Amino acid sequence: MAEPERGADIPPDARGDFDAIVIGSGFAGLYAVYKFTRMGFRVRAFEKGEDVGGVWYWNRYPGARCDCESYYYSYSFSDELQQEWDWSLRYSEQPEILRYLGHVADRFELRRHIQFSTAVTAAAFDERTGRWRVTTSSGEVVTSQFVISAAGCLSEVQKPEIPGLEAFEGDIHYTAAWPPEGVDFTGLDVGIVGTGASGVQAVPRIARQARRLTVFQRTANWVIPVWNHATTTDFDRWVKAHYSEIREKCRRSPGAVPFDMSRQSALAVPDDQRREIFQKYWEIGGTRFFSAFSDLFSNRTANEAAADFVRDRIRAIVEDPDVAERLIPTDHPIGTKRPPIDDDYYATFNRQNVTLVDLRRAPITGMGGRTVTTLEGAHSLDALVLATGFDAITGPLLAIDIRGRDGVTLRQAWREGARTYLGLGVAGFPNLFTITGPLSPSVLANMPTAVEQHVDWIARCMDHMRSTRIGLIEPSETAQDEWVAHTAEVASHSLYLEANSWYLGSNIPGKPRQFGVYLGGFGAYSERCDAVAERGYEGFRLGILAS
Ligand code: N01
């Protein structure tokens, strides 16, 4: 088979001049390139990885898997694509998702528009020309009418300061930047720091391969089973015959998923019935556990009932009662830090080669050679895995030197927290669009659906501007202020604010505490975006260029 087309084959554009620059080529970037090029826009995407995939390119750690079911964690824009692609697992693992994205890039000939191994380092709006000057890591400067960030919400790796880390002489691997060739832990003593979604998925796989695994846990997390299994021909056939209804349901639902949330309060049923319902949803598995009742994220007592149920499950699975107690979270309501989904996590602590170290009780005090020392003792390790997360939501945008009107940087504009209108645009930064940006439903919606909705909205807007000869669009300060206040108000009714989570930026020292996700529900949000467009881009200022 011929080698797929690569970014290196991009025909040089004589003027380095584009209609749209797209940052990134994960789910969002690929669809943006597809959509904009099909509409006749001159597009270039810059991708810092060597290939497409975004988050699925970088997060190749053992066990990396999606927590949405395969049939709806996929694109809907092409019926041929959704009919021809077969998923092998109910919840896809990283290699299969990366193959899918590679297939999409090949099938729709997208690679020719993507320049790989090239990061966007800066973007400055030129008020004289009304265009953006975009600088890349290779020193190239191009200009464009629009800049569209498809940099994602979880792509800026967090490398926390851990005492003595620089003195550790064994191998160090970040789950979020895993070597493409993989890592063989056979016969090694391995440590892992971090028990978020990445750590929880990696622990069972590494434990099966390594000689010993030491899990350094700072905060225990609530883990829900996934019950992953091979897809069946019958289910596949059913899905493919019903894709239009499934996708429509996703587009209208609060989480962009094809199932309903219960309308019943957890407190409206007697104790034994409540436990039966939790049991039923536990057996369904995944994030659907949280749709068992309507008020798990808004009512402390309802949430506590769910926590109580899961506590019992943990105690039933983990054989050592002391280890079980240390694995039970005590500092946040269930689900308010993103709950990891995995089948083997708790049972892995029954293995003889796995040790849990509680960093709350015994913090790491230093490292040296191949030893990690805590207040309670020394651990000899050949390799250390850091599953320590991301500077989420705003991090990928703030990592780029973005300058809007009057040379104001995005960092300055957001020094007290992200300010956007609909998570799509930023006042003072004309013609900059952010796909699944801060204060949109983003990470609390099924991503491919959220991505398609944003890209379609942006494409419609660009088309409208082209046909009406409007050169500039940016949110008004008033509309942006109202949106920021509205997102904060909606979040204030939820229990999410009770956890120190990356949703709130709490994992990054000095980051303003702000709930970065719109909690009003994806379906309602999407309707609002459509209404804004239909009312002539209400809340945006539209401008005609002087020349
Ligand atoms: O990162 P995290 P993640 N010393 O920030 C600990 C998505 N995702 O990569 O809680 C010791 O959640 C930190 O401890 P604490 C998903 O949305 C999706 O796991 O801050 N420990 C925590 O335990 C997810 O939520 C999938 O006390 C330190 C961990 O590191 C998001 O990505 C799979 C530390 C970080 O957890 C991020 O998940 C994987 C320190 N200095 C990820 N610093 C899917 O299934 C941090 N920690 C699709």
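Start at 1 and go down the list; that is how both ligands and their atoms are numbered. All values below were derived from every heavy atom in this structure, side-chain atoms included, with hydrogens, water molecules and symmetry-related copies excluded. Treat the numbers as computed from the prediction; the structure is a model and nothing was measured.
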**Asked** Who's touching ligand 1 if we go heavy atoms under 4.0 Å?
**Response**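 For ligand 1, the contacting residues are Y61, R65, C66, D67, L154, P160, I162, V193, G194, T195, G196, A197, S198, Q201, R218, T219, K337, R338, L359, R360, A387, T388, G389, F390, W502.
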
**Prompt:** Does the separation of the ring centres of F27 and Y73 fall below 6.0 angstrom?
**Reply:**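 Yes, they do, as the ring centres are separated by less than 6.0 Å.
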
**Asked** Is the W483 to Y518 ring centre distance short of 6.0 Å?
**Response**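 They qualify: ring centres under 6.0 Å apart.
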
**Request:** Report yes or no: is the cationic atom of R288 (NZ for Lys, CZ for Arg) closer than 6.0 Å to the six-membered ring centre of F259, at no more than 45° off its axis?
**Result:**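 Yes, R288 and F259 form such a contact.
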
**Item:** Lys/Arg-Asp/Glu bridge criterion (N-O < 4.0 Å) met for R208, D344
**Value:**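 Here R208 pairs with D344 in a salt bridge, since their nearest N and O are under 4.0 Å apart.
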
**Asked** Any side-chain heavy atom of R218 within less than 4.5 Å of one from V193?
**Response**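 A side-chain contact is absent here, since even the closest heavy-atom pair is not under 4.5 Å.
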
**Request:** State which residues pass ring pair (Phe, Tyr, Trp, His ring centres under 6.0 Å) with Y71; sequence neighbours excluded, sorted by chain then number.
**Result:** F235

